[in-house]
Amino acid sequence: MRKKLDEIFEKVESISKDISVEAIEDAISDIKDKFSSNVFYLVVLGQFKRGKSTFTNYILGIDMLPTGVVPLTSVITKVQYSIEVWAKVLYEDGRIDNIDVKELDLYCTEKNNPKNIKKVKEIHIGYPFEFVSNDVVIIDTPGIGSVYKHNTDVAYGYINKADAVIFLLSVDPPISELEKEFLSQISENVNKIFFVLNKIDYVSEIELDEIIKFNENIIKEITKHDNIIIYPISAKLALEGKISKDNEAIEKSRAKKLEVDLQNFLMTEKEKVLLESYAKNIDRIISMCQTFIESSIKLKQIPLEHLESNIKAFENFIRKVEKNKNEIYLLFQGDMKNILQNFDEKAEEYKQYLSLRVSERTKEHYNSILKLSRIDQKRELEEYVEKTIVEEFEIIKMEIERDIEKQYNVALSNYFSRINEVIDEIKSVANELFGIDLEYFKCRDGITSESKFTYKIGYDVDALEIDPVIFTYFLPKKIAGKIILNGIVSRIHVDIDRNLGRIRYDLLRRIEESFSEFEKDMNSKLQSMFETVKKLLAKTKTDYELDKDSFQKEKDLYLNMLKNIYELKSKLNDIIAEIRQSS
């Protein structure tokens, strides 16, 4: 079966060279890189902070990959079997550095490689792990949904390359909307998915049963499969148990069943899954070639005078699209103003609540520092107010950000819905005028820009300004203390108001940057759509300029290529059916 697939792939590659489309050539190159070595990619995917790196460490049986309480992994890390322990950093410009495994965090974490400024393409690690066979590569990916959008992009980009996926969920919280969308993409492209529910040591057995049932029902709905198995584990306990050879910890982690099932799968089904993955990738290339060739043939059947008038009609239509797009953007800007207006309306409520909370806590704290000197009381109260404002603000800030992001996503969804109507029209016109079928693109991003918010509390003292506490020395200590307390409490609302303003500014900047990034991506895809049409039209016009015999020869070449594509597709479907029927 592998030989048959290789033969089909060679013929598809030959056809792709004749039509010379960059996107198809890139996809061909990816398949050659992946399947020439017959390596099986076991990819760990999931939302950020689900414990993917800890899970991968557990599989390896060593605490090697960096883990922590903030989003960490920023690049792809591939671990393959090797008798010797080694690590390599592969850069986007083709350079390769050999590094010590203890230096991994310098290249694969957001802290030491923010937004991948070091331009690391991948990190490759060799390690003598016993969990799986030596032709399996375990791939640890960045988590989706963190504040770092590039991490989400990298994770999505690895879906098509996976032969099998370990989809990591956790009990805190159960499956999110973002994970549902991610899983939907995965289930469309990957046949074998292991669903792992991590961090079970955080909840009781009763709570765990509820979470498993909840996730199970959602996964069944998304994947359209009823035979779903969820493996509840604690990767942290499993890793600790492996490292310390503590059987009790391993038993408590409940990871043994997953380990056994995963090993059995890799021993008995891996080759079948690898062949299916290879076949599916070839099918994707065949479909790309088929779409391009069919569109070219349809265009060659349009008389030249009709083609030229259709090109003019399409150019006029594109100008209309640009106008519609600008009008939709103005509506979106109106939505953005409403979001900020809603924030401003709630800001007074937030201000009163925070001022009251911080003032009450400050007054309570004052009672515990009555014995301190006046200067120490003032210093202690100022430090306490600063700490308390941050604590209270953090709670409110999370609520504000969730509320703003929810409103933004609704506005973005409405905007995208209107844009999709425009795209529908583009598709319809392109099909009507030229017989060309165009693909959709999806919107999956909310606020992607990173927060740069910092607190600013207290006021700057002028060099010539006299500290008011000095004047309190002429008063009894009790009265002096009240004056110091009232002076500090009276400034609390100023700090609250100032930081609410800073939050507003930060959110406005993030919304504007996020939408700018989204719009840039959308415009790029629309432009790519237009360029596809233009390229086909230009090629067809060039063909028309040939003499009659040459034009017919070119047309016959495309018809023959299409005939070959249909034959290859039929053969491939037979092989896929044969693979699926094999035991």
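Since the model is a prediction, treat every value here as computed from it, not as a measurement.
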Counting only N and O atoms by type, is there a donor-acceptor contact under 3.5 Å from the side chain of [X] to the main-chain atoms of [Y]?
| X | Y | result |
| --- | --- | --- |
| S29 | E25 | no |
| N98 | K88 | no |
| K118 | L106 | yes |
| S14 | E10 | no |
| D246 | A249 | yes |
| K78 | G126 | no |
| S277 | L274 | no |

Does a salt bridge link [X] with [Y], judged by any charged N lying under 4.0 Å from a carboxylate O?
| X | Y | result |
| --- | --- | --- |
| E7 | K571 | no |
| D261 | K257 | yes |
| E240 | K236 | yes |
| E391 | K387 | yes |
| K569 | D283 | yes |
| E251 | K256 | no |

| said: I'd like to check the side-chain contact (heavy atoms from CB on, under 4.5 Å) partners of E205; sequence neighbours left out, ordered by chain and number. | reply: L208, R254
| said: Assess, by modelled atom type and distance only, whether the side chains of S170 and N198 contain a donor and an acceptor separated by less than 3.5 Å. | reply: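 There is no such pair between these side chains.
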With a sphere of 6.0 Å drawn around [atom1] of [X], does it hold more than 12 non-hydrogen atoms of other residues, nucleotides or ligands?
| X | atom1 | value |
| --- | --- | --- |
| K180 | NZ | yes |
| I117 | CD1 | yes |
| K252 | NZ | no |
| K220 | NZ | yes |
| E221 | CD | no |

Going by heavy atoms in the side chains, are [X] and [Y] under 4.5 Å from each other?
| X | Y | result |
| --- | --- | --- |
| H124 | W86 | yes |
| D163 | L42 | no |
| I24 | I285 | yes |
| P128 | I83 | no |
| F195 | L168 | no |
| K272 | I579 | yes |
| L45 | I166 | no |
| F55 | I233 | yes |

Minimum heavy-atom separation for [X] to [Y], with atom names?
| X | Y | value |
| --- | --- | --- |
| I99 | E103 | CB-OE1, 3.6 Å |
| I243 | G61 | CG1-O, 4.1 Å |
| G51 | K199 | N-CE, 4.5 Å |

| request: Please assess F40 against L266 for the test side-chain contact (heavy atoms from CB on, under 4.5 Å), listing each intermediate value before the final yes or no. | output: CA-CA 9 Å; F40 189 91; L266 291 169; 3.9 Å; yes
| side-chain hydrogen bond (donor to acceptor under 3.5 Å, both in side chains) evaluation trace for S204 with E207 | CA-CA 5 Å; S204 67; E207 289 171 322; 3.2 Å; yes
| said: Does K192 qualify as a cation-pi partner of F194, given the criterion of NZ or CZ under 6.0 Å from the six-membered ring centre and within 45 degrees of its axis? | reply: yes
| task | Could you walk me through whether D135 and K270 pass salt bridge (Lys or Arg N to Asp or Glu O under 4.0 Å), step by step? | result | CA-CA 10 Å; D135 57 352; K270 175 170 59 93; 2.6 Å; yes
| request: Just do the salt bridge (Lys or Arg N to Asp or Glu O under 4.0 Å) check on R95 and D93 with the steps written out, would you? | output: CA-CA 6 Å; R95 288 181 298 119; D93 61 7; 2.9 Å; yes
| said: Would you call the rings of Y91 and Y107 parallel, tilted or perpendicular, taking 30° and 60° as the class edges? | reply: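 Perpendicular: the ring planes of Y91 and Y107 meet at over 60°.
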| query | In a check of salt bridge (charged side-chain N to carboxylate O under 4.0 Å, His left out) between D6 and each of K4, R2, K3, which one passes? | reply | R2
| said: With side-chain hydrogen bond (donor to acceptor under 3.5 Å, both in side chains) as the criterion, how do N57 and K242 come out once you've worked through the C-alpha distance, each side chain's angles and the decisive distance to 0.1 Å? | reply: CA-CA 10 Å; N57 282 336; K242 273 196 172 184; over 6 Å; no
| Under the side-chain hydrogen bond (donor to acceptor under 3.5 Å, both in side chains) criterion, do E259 and Y58 qualify, and how do the steps go? | CA-CA 10 Å; E259 197 166 322; Y58 140 66; 3.2 Å; yes
